Amino acid sequence: MEKEAPHLLEKREKKERREGLPELKNASKGKVVLRFAPNPNGPLSFGHARGIVINGKYAQEWDGELILRFDDTDTVVKPPLPMAYDQIPEEAEWLLGFKPHRIVIASDRIPHYYTYAERMLQRNFGYVCQCSGEAFKEFRVSKTECPCRNNDVDANLELWSKMLDGTFVPGDAVVRVKTSMQLKNPALRDWPALRIQNTSEHPHPRKEVGSKYRVWPLLDFQSAVEDHLQGVTHIIRGKDLMDSTRKQTLLYEHFGWDYPETMYWGRVKVHEWGGFSTSQMRRDIESGLFSGWDDLRLPTLTGLRSRGITAEALRNFWIELGVTQKDISVPLATLFSHNIKSIDDDAPRLSFLRNPTKLSLKGQHPQSISVDVHPNHASMGERKFDLAKGEIWVEANDMKNDEIRLKGFANVSLKGREAYLGSIERDDRRPIIHWLSESNAVDAELLLAEDGEIRTIQGKIENHTYPPGTMVQIERIGYAKVIDSTTLVFTHD
RNA sequence: GCUCGUAUAGUGUAGUGGCCCAUCAUGAAGGACUCUCAUUCCUUCGACCCGGGUUCAAAUCCCGGUACGAGCACCA
């Protein structure tokens, strides 16, 4: 047996747990093109981060390209926000650590979409439909073909020109892709590809586009054509777009193109946030409910960033969730644990006192004492507390015990507002508290997003010179982000 | 209603017919270290939706059920 079938004797290797993202099908090094296509109707949100991280990670792993595409083809329902065109690329770069390789703006590419729409009409796999939405809905449900379906090519071209020249107004006509009205899935039956928008009343917010076009492609058509034009090889997106894939595949068959490989992820909810939409956030900001897109309470990328969540934490978080099609609900604690891993090593320790109470030191004490900036990294230096005045601050809450230890300093016995110095050595298990010397304490505020509100906690902070944006750990409280020398934003425990 | 999809510990996740009385993370509990309620480390807890079938063998394949989600927009 050893000679004839040695493989049967070999102990099979223990399967190893797959690390990172699942294998990309049909991929070859250097030839992968992916895209992330948000509607620029606001800055990026937490959910968008998944699209950027996953697509970006694959692009990186396969030495390919990531396209950032603005799907800004709606000027009425979800009109784009001009600032988003600048902000999104910056946010994407912050999150990825590299710039997207290409940026495509759909509203710049309308002529291309017209070209393919005309080709579709000429080859007779598309038609101009003058039925109302209601009327077509009935055809769709009853699997019957609408009369417009039998227009000949010339008639369609004639109607198409009326769409373009303004003879038709929104609702008068749309261009449909001929699939089949017999398709099992109603969503796929002769789906709409282009429609008319009233761009005099609702101009496109980009000045260079404005009211230039009346006819605009719908997502499925625009995206399908653009993916082909850009040579996209893999589409990874939410599973709510599964039927989109099926619609687009039918269009690709008409054109004789090959559809990219696809992967989908399910819906993600965050326990603590529930649902939110870009449009709703936009209204709430405009009405003054939130201070801006970077409001600490908002699940936008910029909001999370201002709260102190790092790009690295976000990346690791989304990669850990992977690309499963399950609909999931994650607790913020998961994101926070990634964030702690990302910041703790570099976070200087700082004291912040809530309800500060002043005590006077009684007994012999040194003029100053020094403690580490970071307990695990002596290289980060020391901070020095000046004790010449013999006055210190502690949190009122910590005065419940009379016998306490001032961290890094000495044991004290409390008698009212007087603290009698005891052993310098730690010789018992009394509670250890954080404290500040009077001369090193500055009035300060700790901002905290909680239950949809921003609470301000007044207190005393240890004087420091860390630049804005520095992530610090406030001892016994949690991690925070430095706004200025006397303001902190609480990140998480 | 029609169509599509998903179902593994509290929460995520690995697993594509035998390595699985099921991986890893997070969480919870306990402990070690530590002059922070931090970090790090250790231990423990805890799961294959239900019912059939195929097979020598099923978390893995098939059928049915159930639950949840999505699409059926002249939104993206």
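Computed from a predicted structure; not experimentally measured.
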Expressed as a whole number of Å, how far does the P atom of B:rG17 sit from that of B:rG71? 33 Å

Count the heavy atoms of every other residue, nucleotide or ligand shown that sit under 6.0 Å from CD of A:Gln364, and state whether that count exceeds 12. no

Under a 3.5 Å limit on both distances, the Watson-Crick or wobble mate of B:rU55 is none

So if I take every side-chain heavy atom of A:Asp243 and compare against B:rG71, B:rU6, B:rC74, which nucleotide ends up nearest? B:rG71

Respond yes when some side-chain nitrogen or oxygen of A:Arg267 is under 4.0 Å from OP1 or OP2 of B:rG69, and no when none is. no

Starting at CZ of A:Arg354 and ending at P of B:rC37, how long is that distance when rounded to a whole Å? 13 Å

Among the nucleotides B:rC4, B:rA14, B:rG69, which one has an atom lying closest to any side-chain atom of A:Thr324? B:rA14

The residue, A:Tyr479 or A:Leu406, whose nearest nucleotide of RNA chain B is more 5′ is A:Leu406

Without decimals, in angstroms, what is the distance between A:Asp493 CG and B:rC37 C1'? 9 Å

Is it true that A:Lys384 and A:Asp386 have a side-chain N and a carboxylate O under 4.0 angstrom from each other? no

Reckon A:Ile474 touches a base, only the sugar-phosphate, or nothing at all at heavy-atom distances under 4.0 Å? nothing

Under 4.0 Å: is that the gap between some side-chain N or O of A:Ser337 and OP1 or OP2 of B:rA25? no

Identified side-chain contact (heavy atoms from CB on, under 4.5 Å) partner of A:Tyr116 from the options A:Leu194, A:Val225, A:Leu121: A:Val225

With a 3.5 Å limit on both atom pairs, tell me what B:rC4 is paired to, counting Watson-Crick and G-U wobble, or say none. B:rG69

Base, sugar-phosphate or nothing for A:Gly133? Non-hydrogen atoms, less than 4.0 Å. base

With the side chain of A:Lys184 defined as its heavy atoms from C-beta on, choose the nearest nucleotide among B:rU3, B:rA25, B:rA70. B:rU3

Can you tell me whether the side chain of A:Lys78 and the base of B:rC75 have a donor-acceptor pair closer than 3.5 Å? yes

Is any NZ, NE, NH1 or NH2 atom of the basic residue among A:Arg405 and A:Asp428 found under 4.0 Å from an Asp or Glu carboxylate oxygen of the other? no

For a quick check, tell me whether the side chain of A:Arg349 and the base of B:rA38 share a donor-acceptor pair closer than 3.5 Å. yes

B:rC24: pairing nucleotide in any strand, Watson-Crick or G-U under 3.5 angstrom: B:rG12

Taking the same atom, C1', in B:rC20 and in B:rG31, what whole-Å distance lies between them? 30 Å

Under 3.5 Å for both donor-acceptor distances, Watson-Crick or wobble: does B:rG17 have a partner, and if so which one? none

Just the rounded figure in Å: distance from C1' of B:rU36 to CG of A:Leu353. 13 Å

Whole angstrom is fine here: how far is it from NE2 in A:His271 over to C1' in B:rU11? 6 Å

Considering only heavy side-chain atoms of A:Lys341, the closest of B:rC2, B:rU40, B:rU39 is B:rU40

So what does A:Leu188 hit on the nucleic acid, given a heavy-atom distance under 4.0 Å: a base, only sugar-phosphate, or nothing? nothing

Which nucleotide in the set B:rU11, B:rA76, B:rG71 lies at the smallest distance from any side-chain heavy atom of A:Pro331? B:rU11

Could you work out the separation of B:rG27 and B:rA9 based on their C1' atoms and round it to a whole Å? 11 Å

Among B:rC74, B:rG5, B:rC37, the one nearest any side-chain atom of A:Met242 is B:rG5

Given the P atoms of B:rG64 and B:rU6, what is the spacing between them in whole Å? 15 Å

The side chain of A:Glu475 lies closest to which of these nucleotides: B:rU36, B:rU6, B:rC74? B:rU36

Whether over 12 other heavy atoms sit under 6.0 Å from A:Lys212 NZ: no

Given atom CZ of A:Arg246 and atom P of B:rA70, what is their separation to the nearest angstrom? 16 Å

OP1 or OP2 of B:rU34 less than 4.0 angstrom from a side-chain nitrogen or oxygen of A:Arg426, does that happen here? no

Other residues, nucleotides, ligands: >12 heavy atoms within 6.0 Å of A:Glu138 CD: no

With A:Arg149 as the cation and A:Phe139 as the aromatic partner, state whether NZ or CZ is under 6.0 Å from the six-membered ring centre and within 45° of the axis. no

Candidates B:rC35, B:rG71, B:rA76 - which lies nearest the side chain of A:Lys407: B:rC35

Assign A:Pro375 to base, sugar-phosphate, or nothing according to its heavy-atom contacts below 4.0 angstrom with the strands shown. base

Please report, rounded to the nearest Å, how far the P atom of B:rA47 is from the NZ atom of A:Lys326. 15 Å

Would you mind telling me which of B:rC75, B:rG15, B:rU36 lies closest to the side-chain atoms of A:Ile432? B:rU36

A:Lys57, NZ: over 12 other non-hydrogen atoms inside 6.0 angstrom: no

Could you let me know what B:rA38 is paired to, Watson-Crick or G-U wobble, both distances under 3.5 Å, or none if it's on its own? none

Donor/acceptor link under 3.5 angstrom from A:Gln473 side chain onto base of B:rU36: yes

Check every strand shown and say whether A:Gly171 touches a base, only sugar-phosphate, or nothing at a heavy-atom separation below 4.0 Å. base

Going by the side chain to side chain donor-acceptor pair (under 3.5 Å) test, name the single residue among A:Gln230, A:Gln222, A:His228 that passes it with A:Glu226. A:Gln230

Shortest side-chain distance from A:Leu219, nucleotide among B:rG69, B:rA76, B:rA25: B:rA76

All N/O donor-acceptor pairs, side-chain side in residues 38-53 of chain A, below 3.5 Å, sequence neighbours left out:
{"residue": "A:Asn39", "atom": "OD1", "partner": "A:Asn41", "partner atom": "N", "Å": "3.3"}
{"residue": "A:Asn39", "atom": "ND2", "partner": "A:Lys78", "partner atom": "O", "Å": "3.4"}
{"residue": "A:Ser45", "atom": "OG", "partner": "A:Gly47", "partner atom": "N", "Å": "3.4"}
{"residue": "A:Ser45", "atom": "OG", "partner": "A:His48", "partner atom": "ND1", "Å": "3.2"}
{"residue": "A:His48", "atom": "ND1", "partner": "A:Ser45", "partner atom": "N", "Å": "2.9"}
{"residue": "A:Arg50", "atom": "NH1", "partner": "A:Gly266", "partner atom": "O", "Å": "3.3"}
{"residue": "A:Arg50", "atom": "NH2", "partner": "A:Gly322", "partner atom": "O", "Å": "3.0"}

Which part of the nucleic acid, if any, lies within reach of A:Ile424 when heavy atoms closer than 4.0 Å are counted: base, sugar-phosphate only, or nothing? base

Taking any heavy-atom pair under 4.0 Å as a contact, classify A:Ser244: base, sugar-phosphate, or nothing. nothing

Just call it for A:Ser351: base, sugar-phosphate, or nothing, with non-hydrogen atoms closer than 4.0 Å on any strand. nothing

When the P atoms of B:rA59 and B:rA67 are considered, how many whole Å apart are they? 25 Å

Taking pairing as Watson-Crick or G-U wobble with both contacts under 3.5 Å, can you name the mate of B:rC33, or confirm there isn't one? none

Contacts of A:Val323 and A:Asp344 projected onto RNA chain B by closest heavy atom; the upstream (5') one is A:Val323

Please state how far atom CG in A:Asp190 lies from atom P in B:rC74, giving the value in whole angstrom units. 13 Å

Could you tell me the separation between the CZ atom of A:Arg383 and the P atom of B:rC35, rounded to a whole number of Å? 14 Å

Donor-acceptor pair under 3.5 Å: do we get one between A:Asn376's side chain and the base of B:rU39? yes

Identified pairing partner of B:rG46, criterion: Watson-Crick or G-U wobble below 3.5 Å: none

Which part of the nucleic acid does A:Arg405 contact within heavy-atom distance under 4.0 Å: base, sugar-phosphate only, or nothing? base

